[in-house]
Amino acid sequence: GVVLRSLRWHRGMLRIRVAPFPHGARLHVQLDFSHGIRRVISKRPRISIHTSRPPIVELRLVLGKAEGPVLKVKVNSRK
């Protein structure tokens, strides 16, 4: 499964870091907004996305055809 090391949103930039990240794995990121969703796939353990602050981020690690469990994280604004 996914182990979240950090998830930060600041001034329109969402930064996510996960570990461990096996060779050949992909990180599926789903940003849930009230008006819809946005999906991003990364082949690296770190990802930066230009976006407005999503209330919820869903993370899933995929290795080949095996999909790990979904990790849902609430995103809080930093004030």
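Because only heavy atoms are used, hydrogens play no part in the values below, and waters and symmetry mates are left out as well, while side chains stay in.
Sequence neighbours left out, the pairs with a member in residues 39-50 that pass side-chain hydrogen bond (donor to acceptor under 3.5 Å, both in side chains) are Q30-R39. Sorted by first then second residue, the side-chain hydrogen bond (donor to acceptor under 3.5 Å, both in side chains) pairs that include residues 12-22, not counting sequence neighbours, number zero. Sequence neighbours left out, the pairs with a member in residues 54-72 that pass salt bridge (charged side-chain N to carboxylate O under 4.0 Å, His left out) are E58-K72, R60-E67.
Remark: K74 engages no residue in a salt bridge (charged side-chain N to carboxylate O under 4.0 Å, His left out) (not counting sequence neighbours).
Linking Ile, Leu, Val, Met, Phe, Trp and Tyr whenever their side-chain heavy atoms come within less than 4.5 Å leaves L59 and I37 in two separate clusters. Transitive grouping of hydrophobic side chains (ILVMFWY, heavy atoms separated by less than 4.5 Å) brings L14 and V73 into a common cluster. Hydrophobic clustering, with ILVMFWY side chains joined whenever heavy atoms are under 4.5 angstrom apart, keeps I16 apart from L63. Note on V70 and V18: separate hydrophobic clusters, where clusters join Ile, Leu, Val, Met, Phe, Trp and Tyr whose side-chain heavy atoms are under 4.5 Å apart, directly or indirectly.
At a threshold of 4.5 Å between non-hydrogen side-chain atoms, the residues W9 and V57 do not count as touching. No side-chain heavy atom of L71 sits under 4.5 Å from any side-chain heavy atom of L61. Annotation: side chain of I56 is not in contact with side chain of V75 (no heavy-atom distance under 4.5 Å).
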Under 3.5 Å, which donor-acceptor pairs link side chains of residues 20-29 to any protein atom two or more places apart or in another chain?
none

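Remark: I49 CD1 to M13 CE distance equals 9.5 Å, nearest 0.5 Å.
Residue F33 comes nearest to R38 through the heavy atom pair CE1-CB, 4.4 Å, listed as atom of the first residue, atom of the second, then distance.
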